[in-house]
There are 2 protein chains.
Amino acid sequence: METLSRKQEIIVVASRLFKERGYNAVSMRDIAQEMGIKAASLYNHISGKQELLSTLILEVAREFTFGMNRVVKEEVSSIEKITQVIELHIDITVNFSEGLAALNNDWMHLEATDLEGFVKMREDYEENFRIILKQGIEAGEIQSHHPEVMLFSILSTLRTLYVWYQKRGKLDVNLLKKDMVAVLLHGIVPPK
Amino acid sequence: METLSRKQEIIVVASRLFKERGYNAVSMRDIAQEMGIKAASLYNHISGKQELLSTLILEVAREFTFGMNRVVKEEVSSIEKITQVIELHIDITVNFSEGLAALNNDWMHLEATDLEGFVKMREDYEENFRIILKQGIEAGEIQSHHPEVMLFSILSTLRTLYVWYQKRGKLDVNLLKKDMVAVLLHGIVPPK
DNA sequence: GTCTATAGGATGATAGAC
DNA sequence: GTCTATCATCCTATAGAC
């Protein structure tokens, strides 16, 4: 239990450095120095640098997969599902903001087996989102624009949220959800 | 003139690799191998790895600064200015997509003097965009949501466009502009 | 759990031959 | 303009003492 706590501490430090400089620009010495120990000591708690990356990324990826699967099963309108997806992203941003940086920027540095699993989860996630949008279009709840443009537009906003959320002082989460849903669903131009 | 062409060739190869793996995961040996020469030979054309990064990033950053300054001077409505900014991003995405990856992901690896200049340009750019939004709100052209949410939402979509533009087969640029403006300005929900 | 010492290899860059 | 050879430094990771 003591080692588990120490391991977690390493992961927290590593995630902060990965976020600031990227996986490849952070050395084991950097992480160790930040903790006040020597690099060799890290290996008593973790198997290597790769473990840090995959732990960080896969934990967050599973949150997304789990959350999306929950939303898909709901028996509500497409608009309501999209609202819930937006809220899911904001919740994950608030709770896993450090891991999100690794997931967004360093996923390609995962080792082969982890990479494969990650890409699969990501594709499934996008496909579920795509289906929700298409169902909304069929039901007349959503504009019949090219669904890919909408999917991409919403997803890139939500995926980058972690960068911006920390730069501003931590905002009220419920207010942020409300504003974000409004802007992403209805745009910035008032109705005529 | 011959050397200039060779130099350009190196930059093209480097930008592709940087985009795929990130600046720190690409070695001079990787770049050289891709060109069929040895790493040492690269130094006849460029001063070092840093020059490749700063050349790529600053070229694109200047395009943004130049384009934004042009839009700001126009005597048109705020909505029209935002439309022009969206089109500016799409034009740059189409013409400088490789450099955009470096700008988005590896700007923090610029050396001190270049980094300073880049951050300044980026802040000025955002501030100009912010002013356009605020003017639009005052004029009643734009919803009075928190301007930061709108700014962030639009900018993160536009900044990530390069990832998505290449994944799909190259789309018709004018159609993309039209769809993008529609989604970003009016959202995805049809007017009641 | 942390240390020192070190293996074994990659990295950016230079010197000098051709 | 490209090569070989090489330097000095950094990297991840291991072995073994305390």
Side-chain angles (χ1 to χ4, degrees), chain A residues 1-58 102 105-115, chain B residues 1-58 102 105-115:
Chain A
M1 283 304 164
E2 281 298 324
T3 37
L4 194 108
S5 160
R6 199 78 173 117
K7 180 171 173 173
Q8 223 100 34
E9 200 183 333
I10 294 171
I11 292 174
V12 169
V13 169
S15 69
R16 203 189 70 238
L17 295 181
F18 289 169
K19 182 174 137 188
E20 286 167 11
R21 300 178 227 164
Y23 178 72
N24 274 291
V26 175
S27 70
M28 295 302 272
R29 285 173 176 84
D30 293 331
I31 297 170
Q33 192 178 32
E34 203 81 358
M35 299 188 61
I37 59 175
K38 296 290 174 182
S41 307
L42 295 172
Y43 291 86
N44 241 322
H45 308 282
I46 56 162
S47 69
K49 200 183 170 187
Q50 270 291 330
E51 187 193 341
L52 293 174
L53 186 67
S54 62
T55 300
L56 272 170
I57 292 180
L58 294 181
N105 305 320
D106 290 315
W107 60 270
M108 70 283 274
H109 301 121
L110 286 170
E111 54 193 347
T113 60
D114 290 330
L115 181 62
Chain B
M1 283 304 167
E2 281 299 321
T3 38
L4 194 107
S5 160
R6 198 78 173 119
K7 179 171 174 174
Q8 222 100 33
E9 199 183 334
I10 294 171
I11 292 174
V12 168
V13 169
S15 70
R16 204 190 69 238
L17 295 181
F18 290 168
K19 182 174 137 187
E20 285 166 12
R21 300 179 226 163
Y23 179 72
N24 274 290
V26 175
S27 71
M28 295 301 274
R29 284 168 178 80
D30 292 332
I31 298 170
Q33 192 179 32
E34 204 81 358
M35 299 189 61
I37 59 176
K38 297 290 174 182
S41 307
L42 294 172
Y43 292 87
N44 241 322
H45 307 284
I46 56 162
S47 68
K49 201 183 170 188
Q50 271 290 332
E51 186 193 340
L52 292 174
L53 187 66
S54 61
T55 300
L56 270 170
I57 292 181
L58 294 181
N105 305 320
D106 290 316
W107 60 269
M108 71 284 273
H109 301 122
L110 286 170
E111 54 194 349
T113 57
D114 289 332
L115 181 62

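In what follows, chains are A, B, ... by sequence order, proteins preceding strands, each numbered from 1.
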Practice item. Take A/I46 and A/M28 through the side chain to side chain contact (heavy atoms under 4.5 Å, CB included) test and state the conclusion after the steps. Key: CA-CA 11 Å; A/I46 56 162; A/M28 295 302 272; 3.8 Å; yes

Review point. Checking side chain to side chain contact (heavy atoms under 4.5 Å, CB included) for the pair B/K49/B/Y43: CA distance, chi angles, key distance, verdict?
Key: CA-CA 9 Å; B/K49 201 183 170 188; B/Y43 292 87; 5.7 Å; no

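With rounding to whole Å, A/H45 atom NE2 is found 17 Å from D/dT12 atom P. The distance between atom CG of A/D30 and atom P of D/dA13, rounded to the nearest whole Å, is 14 Å. We find that CD1 of A/I46 is positioned 14 Å from C1' of C/dG1, with the value rounded to whole Å. Here the C1' atom of nucleotide C/dG1 and the NZ atom of A/K7 are 16 Å apart, to the nearest Å. At whole-Å resolution of the value, CD1 in A/I37 and P in C/dC3 are 6 Å apart. Following rounding to the nearest Å, A/Q33 (CD) and C/dC3 (C1') show an atom-to-atom distance of 16 Å. Distance NZ (A/K38) to C1' (D/dT12): 16 Å, rounded to an integer number of Å. Distance B/R6 CZ to D/dG1 P: 9 Å, rounded to the nearest Å.
Heavy-atom minimum distance, B/H109 versus A/A25: NE2-CB, 3.6 Å. What you find for A/I31 and A/V13 is that their closest heavy atoms are O-CG1, 4.0 Å.
A salt bridge links A/E51 and A/K7; the closest N-O separation between the charged side-chain nitrogens and carboxylate oxygens is under 4.0 Å.
An OP1 or OP2 oxygen of D/dC3 is reached within less than 4.0 angstrom by a side-chain nitrogen or oxygen of B/S41.
Note: A/Q50 CD to A/T55 OG1 = 10.0 Å, rounded to the nearest 0.5 Å.
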Exercise for review: Sugar-phosphate means primed atoms, P, OP1 and OP2; the rest is base. With that split, encode nucleotides 12-18 of chain C 5' to 3' as B, S or - using protein heavy atoms under 4.0 Å.
Suggested key: BBBB---

